[in-house]
Amino acid sequence: MEKITTDIAVIGGGVIGLAVALQLRREGREVLLLEPNEPGSGASFGNAGTIADYAIIPVGTPAVLKNLASLLLNADSPLSIRKAALPTLFPWLIRFTYQSLPHRYRDNTNRIADLLSDASSAWLTLACEIGASDLLSAKGCLYLYETPQAFKAASSDIALRRNYGISQELLTSDEVQCLEPNLPAYEGGGLFFPKAINFSDPGRVMDAMAEAARGSGVEFIRSSVRVIARERGGVKIMSATHEIKARSVVIAAGAHSGPLAHQIGDPVPLDTERGYHLEFDMLRAPVERPVCPTHHGFYFCPMEGRLRVAGTVELGGLAAPPNPRRLDLLLSNARRVFPHLGKPSRTWMGFRPSMPDSVPVIRPSKGGKDIVFAFGHGHIGLTLAPRTARIVSAILAA
Ligand SMILES: Cc1cc2nc3c(=O)[nH]c(=O)nc-3n(C[C@H](O)[C@H](O)[C@H](O)COP(=O)(O)OP(=O)(O)OC[C@H]3O[C@@H](n4cnc5c(N)ncnc54)[C@H](O)[C@@H]3O)c2cc1C
């Protein structure tokens, strides 16, 4: 067992932990990052790559609440639940239900919008710093509506985004075709976010972040933290191989952060929304920008040398293996839009770290700011990584 002393230990090397480590190192702090796997190989690897600064609306809304039972119990819906996981998930679902009530939904939207307000500019700066600007594309993002009724049902969300000053353009079916000529006709038209930016390869962005962090002097330890406890003069964390004494610790272990928070007496209702992706190797993707058929709850993402189809939510916990039915569903829905898609070149499942209110937990722990929480980013963790890093640094500096 190796014993180490450090200024700051960051637990978890996903996009959040890496962004935090980079920020703190930039400020001259001594930083050690613990991660059992390849950095950035969790949820941060397989996402849709969108810097979704328009995504102010939480998962739980009054509309979702109205249809919750039918959504959850239909295994083919974009928001489904593994029935075996129901008893364990029940407390989270009760909280989710409460957070979907109109007054909570409004407050949650407000808090998410506040966090997202400078997400794109923060990423432009960070991408430049880590040498990943060439992986950024600025062609906007497109939502699609199958029917005029579906578009009408989205009108309150559209009005809400307008109130928050988010750029969005309503497109007719013909205008959608002009923008993305390979799409079939969408009777309900589309909604275009012209200022949205996206990454053409989240995995490569993670590699660039890890390399930049190493280059700046962040020390990486390939190990999983099992124990965290306060003791005189600091925080002790233990992994199978190391005992580390740190002045401050940042918990950024994504969907796995819950037990660590529990150990220090500050439990949080964190669970996971499992998400999936399929990839099809091809020279040129059939879309120019991330495109979301809203009724299916996934994005078509043009990526380097491939098309990624990423999204959907499955409430099902961390332990169960990927559900082949969800992958089949993703494939059949993707083929409804692009019938020529063949066999996927690869498939993936990952764990979004999800709070019932869709608001990430970025705060000092209740016992003090020697331990800071930075997890629970749900659907917008990639987007919020640089902003989260700045908030964490401000907490530690206060
Ligand atoms: C299908 C899908 C599509 C998505 N699309 C988007 C999108 O377009 N835009 C967007 O902004 N977000 C998107 N997201 C969400 C985003 O990917 C996540 O919010 C984000 O990756 C969370 O980052 P993280 O660092 O908290 O978690 P992770 O990337 O999961 O990293 C957590 C890390 O902690 C490590 N860890 C766990 N336990 C321990 C321990 N005990 N000790 C040490 N290390 C530990 C893990 O190994 C892991 O590497 C999507 C997610 C999915 C699943």
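Just so you know, residue 1 is the first one in the sequence shown, and it goes up from there. Computed from a predicted model, the values in this text were never measured in an experiment. One-based numbering, in listed order, for ligands and for the atoms of each.
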Can you report which non-hydrogen protein atom sits closest to [atom], along with the distance?
atom	value
atom 41 (N) of ligand 1	V225 O, 3.0 Å
atom 27 (O) of ligand 1	G254 CA, 3.6 Å
atom 4 (C) of ligand 1	N47 CB, 3.1 Å
atom 19 (O) of ligand 1	G378 O, 2.7 Å
atom 36 (N) of ligand 1	A253 CB, 3.8 Å
atom 13 (C) of ligand 1	H379 O, 3.1 Å
atom 49 (O) of ligand 1	E35 OE1, 2.6 Å
atom 37 (C) of ligand 1	H256 CB, 3.5 Å

Would you check whether [X] has a nitrogen or oxygen atom less than 3.5 angstrom from a nitrogen or oxygen atom of ligand 1?
X	value
T50	yes
F351	no
I16	yes
L260	no
A43	yes
L384	no
Y276	no
A48	yes

A side-chain contact here means heavy atoms from C-beta on lying under 4.5 Å apart; do [X] and [Y] qualify?
X	Y	answer
L382	F199	yes
S173	E187	no
E27	L396	no

Spell out, yes or no, whether [X] and [Y] are grouped together once hydrophobic residues are joined by side-chain heavy atoms under 4.5 Å, including indirect joins.
X	Y	answer
L89	L72	yes
I380	I391	yes
V268	V59	no

Can you list the ligand 1 atoms lying under 4.0 Å from a non-hydrogen atom of [X]?
X	value
G311	1 (C)
T383	9 (N), 10 (C), 11 (O)
N37	47 (O)
P36	43 (C), 44 (N), 45 (C), 47 (O)
I380	10 (C), 11 (O), 12 (N)
I11	42 (N), 43 (C)

S224: heavy atom below 4.0 Å from ligand 1, yes or no?
yes
Close approach of H277 to ligand 1, heavy atoms, under 4.0 angstrom:
no
Counting N and O atoms only, with roles assigned by atom type, does the side chain of T125 sit under 3.5 Å from a partner on the main chain of S121, one being a donor and the other an acceptor?
yes
Surrounding CD of E243 (heavy atoms of other residues, nucleotides or ligands, distance under 6.0 Å), is the total greater than 12?
yes
Do NZ/NE/NH1/NH2 and the carboxylate oxygens of [X] and [Y] come within less than 4.0 Å?
X	Y	result
R284	E288	yes
R346	D281	yes
K245	E231	yes
R104	D107	yes

For A52, which part has a heavy atom under 4.0 Å from ligand 1: side chain, backbone, both, or neither?
neither
Answer side chain, backbone, both or neither: which part of V15 comes under 4.0 Å from ligand 1, heavy atoms only.
both
From the list Y186, Y145, Y143, ring pair (Phe, Tyr, Trp, His ring centres under 6.0 Å) partner of F151 resolves to Y145
Between F45 and R308, is there a cation-pi geometry (under 6.0 Å to ring centre, at most 45° from the normal)?
yes
Counting heavy atoms only, name the option from L33, L318, V227, L34 that's nearest to atom 43 (C) of ligand 1.
L34
Out of S44, G381, G13, G14, whose heavy atom is nearest to atom 23 (O) of ligand 1?
S44
Please walk me through it: do D271 and R95 pass salt bridge (Lys or Arg N to Asp or Glu O under 4.0 Å)?
CA-CA 11 Å; D271 213 289; R95 288 188 168 95; over 6 Å; no
Between F338 and F300 (judged by ring centroids, cut-off 6.0 Å), do the two rings come close enough to count as a pair?
yes
